[in-house]
Amino acid sequence: MRIPMASGGRGRTSAAVALTAVLALTATACGDDGGGSGGEGSGKGEITLWDNNTGERRDIWAQIIKDFESQNPDIKVKYVGLPIDQVQAKYDTAIDGGGLPDVGGVGTAYLSNLVVRDVLDPVDQRIDDGALKGKLVPAMVDSVKAAGGRDNMYSVPTSTNNGTLWYRTDLFSAAGLQPPTTWAAFYDAAKKLTDAGKNQFGYTIRGGAGSIAPAMDAMYGQSGITSFWNGDKTTVNDPKNVAALEKYVALYKKVTPSADVNNDFIKMVAQWDNGSIGMLTHNLASYQDHVKALGNEKFKGLPYPALEDGSRVQVSNPVDGLGLFKSSKNKAAAWKLIEFAASHKSNSAWNASAGSIPANTDAAEDAWIKDAAPTATAMKALSDGSTKLVNLPYYLPDWNTISKSGNEPNFQKVLLGDMSAKEFADKIAKELNEAQAEWKEQTKS
């Protein structure tokens with residue numbers, strides 16, 4: 001049973017009731033639903049791994065498992081590949097009916113559901129006692145802890161994506177512009193690269209599905225606010241964030257195509273790859289699309305712009321990781337697999353295959369990262385302390401609804417001038433504050 005994602009009113013009450021039921025069930029039914037305490041076991045024998053994105057990772061997991069079994073001949077790994085869009089449902093079914101794996105891929109977007117249902121072991125002490133101590137990117141560790149909604153860490157981070165400002169080096173060079181490393185440079189370039197009569201624009205803004213996260217990046221990135229919460233109230237509608245949003249949405253139709261109001265990431269990326277648009281904000285996942293369309297010489301990627309003092313603030317991207325399930329009867333062997341998969345060599349190979357940022361800091365100097373300049377720049381920004389991450393509240397049952405279907409149509413209204421930036425931010429803030437209050441009430445001990 002997954003906690004419902006509701007945006008308000010009766011739906012929000014349903015989420016609260018469901019959460020209460022879940023918390024009650026975890027206290028009485030863990031032994032029956034696969035959430036039992038398990039045991040350390042002998043450190044030998046067979047363990048089961050659930051891959052949470054088999055469509056992209058089956059081959060690299062096959063290699064990692066082969067290497068692991070070669071070094072640990074007394075352990076055999078049973079691989080179960082899950083399509084990315086079925087992972088949460090599979091976990092829910094297994095919790096209700098038994099049959100959870102020893103190790104499973106767990107992303108921060110659904111980590112809190114597993115934590116609430118008490119099916120994951122905390123991994124903090126195991127990390128501190130082993131080879132991974134001090135080897136994980138701090139920003140990813142913080143994101144995992146925040147997403148779990150608890151003080152402990154319930155997943156070992158393996159990778160993340162990063163918001164990236166892609167820019168056309170050929171267009172910037174022709175216009176005599178420097179790379180858009182600051183917000184001031186970004187706005188200046190957006191204006192100077194626009195010639196609407198020739199169908200040339202400085203920027204493409206995301207107005208369709210998935211628009212809220214990049215809008216929040218623009219808000220927090222410009223305001224410099226580094227926390228999503230100020231006590232029990234969100235900072236989303238802080239006057240500095242509202243002013244930043246007003247400046248950001250004012251770009252629409254002045255330096256962007258009018259079609260942007262309906263563009264999701266697929267349309268937006270295709271439009272940038274095939275047109276004369278100077279800049280695009282999207283994550284590292286679109287890198288290969290840009291290479292295919294433009295080659296390696298006509299574009300580059302940077303972390304989102306910095307403030308004039310050089311500081312950079314971004315909202316968190318989901319972090320992927322590996323969870324150790326409480327019901328495992330062989331946690332010693334399961335932990336060996338997690339530690340091996342998160343080690344330098346395996347984690348680097350895994351992320352080279354996925355095109356993501358490795359969680360293991362030793363991978364930063366590997367050749368493939370140096371060759372993929374946007375990934376190298378992003379990893380450096382996340383590892384060297386120059387970027388402050390605002391951790392989004394993935395732990396809230398209502399987060400997905402509030403940040404997607406509940407408010408994406410309203411963002412379009414803001415672009416079209418039918419709703420003010422303040423009204424938009426205030427509505428989201430009200431919903432978030434209510435969701436936070438309900439979460440704290442339902443989870444207090």
Side-chain angles (χ1 to χ4, degrees), residues 1-30 33-35 52 84-96 100 104 106-120 143-155 209-210 212-213 216 227-229 231-237 315-321 323 390-410 427-445:
M1 179 177 62
R2 193 180 313 161
I3 300 172
M5 304 297 181
S7 60
R10 294 177 61 186
R12 187 182 299 280
T13 301
S14 298
V17 172
L19 180 56
T20 302
V22 166
L23 291 170
L25 283 171
T26 56
T28 60
C30 286
D33 66 6
N52 58 339
I84 190 170
D85 60 349
Q86 298 179 22
V87 176
Q88 294 186 62
K90 292 291 186 181
Y91 280 135
D92 289 338
T93 299
I95 292 171
D96 292 334
L100 284 167
V106 176
T108 51
Y110 49 90
L111 175 62
S112 66
N113 184 39
L114 300 178
V115 173
V116 164
R117 301 192 70 180
D118 197 28
V119 297
L120 289 173
S143 290
V144 167
K145 288 183 177 179
R150 299 288 190 275
D151 292 333
N152 289 323
M153 190 170 172
Y154 287 90
S155 174
I212 304 299
M216 286 190 176
S227 176
F228 197 80
W229 299 103
D232 291 332
K233 303 297 182 182
T234 181
T235 56
V236 164
N237 62 336
V315 300
S316 59
N317 274 259
V319 175
D320 210 355
V390 177
N391 283 307
L392 299 177
Y394 297 118
Y395 60 88
L396 291 178
D398 283 351
W399 170 248
N400 282 341
T401 298
I402 293 171
S403 64
K404 295 184 185 299
S405 59
N407 283 290
E408 287 172 349
N410 289 328
K427 179 180 180 294
I428 291 181
K430 181 178 183 294
E431 293 168 358
L432 286 166
N433 291 338
E434 290 174 355
Q436 175 78 344
E438 288 172 358
W439 172 258
K440 294 189 75 170
E441 177 64 26
Q442 297 299 331
T443 57
K444 69 181 181 181
S445 55

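- Minimum heavy-atom separation, Trp229 to Leu432: CH2-O, 3.6 Å.
- Taking every heavy atom of both residues into account, Val116 and Trp439 meet most closely at CG2-CH2, 3.3 Å.
- A salt bridge links Arg117 to Asp96: one of the charged nitrogens lies within less than 4.0 Å of a carboxylate oxygen.
- In this structure, the side chain of Ser112 does not engage the main chain of Gly148 through any donor-acceptor pair within 3.5 Å.
- For the side chain to side chain donor-acceptor pair (under 3.5 Å) with Ser143, the lone residue among Thr108, Asn317, Asn391 that qualifies is Asn391.
- The backbone N or O of Ala435 sits nowhere less than 3.5 Å from a side-chain atom of Asp398 that would complete a donor-acceptor pair.
- Only one option out of Val236, Ile428, Thr234 pairs with Asn433 in a side chain to side chain contact (heavy atoms under 4.5 Å, CB included); it is Thr234.
- Note that the CD atom of Glu434 and the CD1 atom of Ile402 stand 8.5 Å from one another [nearest 0.5 Å].
- To the nearest 0.5 Å, atoms NZ (Lys430) and CG (Asn237) are separated by 12.0 Å.
- Each of Val106, Val119, Asn113 was compared with Tyr91 under the side chain to side chain contact (heavy atoms under 4.5 Å, CB included) criterion, and only Val106 meets it.
- Between Trp399 and Tyr394, the ring planes are perpendicular. Angles over 60° get that label, and only those under 30° would be called parallel.
- Considering CD1 of Ile212 and CG of Leu392, their distance stands at 11.5 Å, rounded to 0.5 Å.
- A salt bridge does not link Asp151 with Lys145: none of the charged nitrogens is closer than 4.0 Å to a carboxylate oxygen.
- Of the charged side-chain nitrogens involved, none lies within less than 4.0 Å of a carboxylate oxygen, so that Glu408 and Lys404 do not count as a salt-bridged pair.
- With hydrogens and angles left out, the side-chain atoms of Asn52 and Asp320 include a donor and acceptor closer than 3.5 Å.
- A pairwise comparison of heavy atoms in Leu111 and Ser155 identifies CD1-CB, 4.3 Å as the closest pair.
- With rounding to the nearest 0.5 angstrom, the OG1 atom of Thr93 is 11.5 Å from the CD atom of Gln88.
- A donor-acceptor pair shorter than 3.5 Å can be found between the side chains of Gln436 and Tyr395.
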